[in-house]
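Data first, discussion second: the structure below is written as structure tokens.
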Amino acid sequence: MPILANPLCCQGWKCCIVSALHFPHSLANLAKSIIRGFRFKEQTKEKGIGMIIFVSGTDTDCGKTFVASHLCLAFKRLGVKVGYQKWVSTGNKDFSDDARMVYRLLGREDFPLPGSLETPYCFSIPASPHLAAEKDQAIIELDTLKKATLDLKKQLEVLIIEGAGGLLVPITRDVLLAQFVKEMDIPVLLVARAGVGTINHTLLSLNYIKQEGLKFKGLIMNEQEPTDPKIFMDNLKIIEQFSGISPLCKIHFSSSIDNSPLDEVIVAARKLLNES
Ligand SMILES: Nc1ncnc2c1ncn2[C@@H]1O[C@H](COP(=O)(O)OP(=O)(O)OP(=O)(O)O)[C@@H](O)[C@H]1O
Ligand SMILES: C[C@H](N)[C@H](N)CCCCCC(=O)O
Ligand SMILES: [Mg+2]
């Protein structure tokens, strides 16, 4: 959805047009955003590119990196050439902690540097991308992210991109991650917590995905901290009842993390490959 339109507005495109009429510069942004999205779709089609998955979550710390690492391990085990990308990493200027975690699990020591295709932007303060960029006096260029994704994808069969926080986190002051992901036509895989608080966060996120017409790859319920199994199971049930979505897999809390993919994530990776 183009810049300046209220992402939560049920009027969608009407809202964009109205704001464009009132703010002429937003008309230019609207046009730019449409052209960017169109070019991205054309480029991915022309190059016969495989699968890109945007791993988002219901919140920060819900386990996106944990799930993305295991997905990478699972795809690797299935013989698929897989890669990981973190568009904007916040909390460390010299490297992306998340990319390090994924690479470590993959047994790789060639951690990507800031400015690389894998980690285009890394900023010091652990905050939302828009603010972390400003604090480091940097500008996040969406075209740079788009190009990094296309260039990296050319080398791979599956590219896993990790967001920052949840879907409605601003990537710049004008654009939410979900708006950019929609513009790029990349499907979302939603990671949700297992425990108390997840029902509301998960139903809100799924509702947003549906209302805004984002492509959707599935839901993964992740026990990122030990959770009462009765609560975990009932959360699954109630989320399914109200959203009609049953998870691709559920991941239990792992007290030790090693570099073998979890069986349930291999099953999820197979499902993702089969439906692509
Ligand atoms: N299933 C799990 N079992 C054990 N620990 C887990 C599990 N899932 C996540 N964790 C742990 O929970 C913490 C948060 O997970 P993670 O870093 O993957 O979250 P995130 O959503 O990527 O956060 P951010 O928004 O900062 O990128 C980490 O310490 C991670 O190792
Ligand atoms: C620092 C943190 N771990 C993430 N990398 C960024 C999370 C941004 C969340 C913004 C918000 O929803 O308020
Ligand atoms: Mg992470």
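When a ligand or atom number is given, it counts from 1 through the structure's own listing order.
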Practice item. Quick one: do Thr198 and Asn235 satisfy side chain to side chain donor-acceptor pair (under 3.5 Å)? Show the steps, please. Key: CA-CA 7 Å; Thr198 200; Asn235 284 345; 5.8 Å; no
Proximity of [X] to ligand 1 by residue part, where a heavy atom lies under 4.0 Å:
X	result
His252	backbone
Asn222	side chain
Lys86	side chain
Val191	neither

Hey, is [atom1] on [X] packed in by over 12 heavy atoms from elsewhere, all under 6.0 Å?
X	atom1	result
Lys217	NZ	yes
Lys271	NZ	yes
Gln155	CD	yes

Exercise for review: Give the ring-plane orientation class for Tyr121 versus Phe123, where under 30° counts as parallel, over 60° as perpendicular and anything between as tilted.
Suggested key: parallel
Practice item. Measure the acute angle between the ring planes of Phe232 and His252, then classify it against the limits of 30° and 60° as parallel, tilted or perpendicular. Key: perpendicular
Check your understanding: Can you name the N, O or S atom of Glu162 that is closest to the Mg ion (ligand 3)?
Key -> OE2
Practice item. Looking at Asp98, pick out the N, O or S atom nearest to the Mg ion (ligand 3) and give its name. Key: OD2
Point to revise | Evaluation steps, side chain to side chain donor-acceptor pair (under 3.5 Å), between Thr202 and Ser205 | key: CA-CA 5 Å; Thr202 307; Ser205 302; over 6 Å; no
Nearest protein heavy atom with distance in Å, relative to [atom]:
atom	answer
atom 11 (C) of ligand 1	Gln224 O, 4.3 Å
atom 5 (N) of ligand 1	Phe253 CE1, 3.7 Å
atom 23 (O) of ligand 1	Asp61 N, 3.0 Å
atom 22 (O) of ligand 1	Thr65 OG1, 2.7 Å
atom 4 (C) of ligand 1	Ser254 O, 3.2 Å
atom 31 (O) of ligand 1	Ile257 CD1, 4.0 Å
atom 4 (C) of ligand 2	Thr60 OG1, 3.6 Å
atom 5 (N) of ligand 2	Thr90 OG1, 3.2 Å
atom 18 (O) of ligand 1	Phe66 N, 2.9 Å

Compare every heavy atom of [Y] with every heavy atom of [X], then report the nearest pair and how far apart it is.
X	Y	result
Val82	Cys72	CG1-O, 3.4 Å
Pro129	Pro170	CD-O, 3.6 Å
Ser69	Leu105	CB-CD1, 3.3 Å
Glu264	Ile251	OE2-CA, 4.0 Å

May I ask whether [atom] is less than 4.0 Å from at least one protein heavy atom?
atom	answer
atom 20 (P) of ligand 1	yes
atom 28 (C) of ligand 1	no
atom 2 (C) of ligand 1	yes
atom 13 (O) of ligand 2	no
atom 13 (C) of ligand 1	no

Check your understanding: Rounded to the nearest 0.5 Å, how far does CG of Leu159 lie from CD1 of Ile53?
Key -> 9.0 Å
Flag the pair [X] / [Y] as yes when at least one side-chain heavy-atom distance between them is below 4.5 Å, and no otherwise.
X	Y	result
Leu145	Phe180	yes
Leu189	Leu248	yes
Val191	Leu219	no
Val265	Val67	no

Short N or O distance, [X] and ligand 1, threshold 3.5 Å exclusive:
X	result
Met101	no
Ala164	no
Asp59	no

Exercise for review: For Gly57 and ligand 1, answer yes if some heavy atom of the residue is under 4.0 Å from a ligand atom, otherwise no.
Suggested key: no
Per-atom contacts of ligand 1 with [X], taking only distances under 4.0 Å to non-hydrogen atoms:
X	value
Glu162	22 (O), 27 (O)
Thr60	24 (P), 25 (O), 26 (O)
Gly63	9 (C), 15 (O), 16 (P), 18 (O), 19 (O), 20 (P), 21 (O)

Study note, to complete from the structure: Exactly one of Asp151, Thr144, Thr149, Asp143 clears side-chain hydrogen bond (donor to acceptor under 3.5 Å, both in side chains) with Lys147, and that residue is Asp151
Check your understanding: What atoms of ligand 2 come within less than 4.0 Å of a heavy atom belonging to Val169?
Key -> 9 (C), 10 (C), 12 (O)
Exercise for review: Using a strict cut-off of 4.0 Å, indicate which atoms of ligand 2 neighbour a heavy atom of Pro126.
Suggested key: 1 (C)
Review point. Using a heavy-atom cut-off of under 4.0 Å, does the side chain or the backbone of Ala127 touch ligand 2, or both, or neither?
Key: backbone
Revision key, fill the gap. Of Gly163, Ser128, Pro170, the residue with the heavy atom nearest atom 8 (C) of ligand 2 is Ser128
Check your understanding: Any N/O/S atom of Asp61 sitting less than 2.8 Å from the Mg ion (ligand 3), backbone or side chain?
Key -> no
Check your understanding: Does Thr65 put an N, O or S atom under 2.8 Å from the Mg ion (ligand 3)?
Key -> yes
Check your understanding: For Tyr84 and Glu162, does a side-chain donor sit closer than 3.5 Å to a side-chain acceptor?
Key -> yes
Practice item. Just do the side chain to side chain donor-acceptor pair (under 3.5 Å) check on Gln85 and Thr119 with the steps written out, would you? Key: CA-CA 6 Å; Gln85 187 177 45; Thr119 54; over 6 Å; no
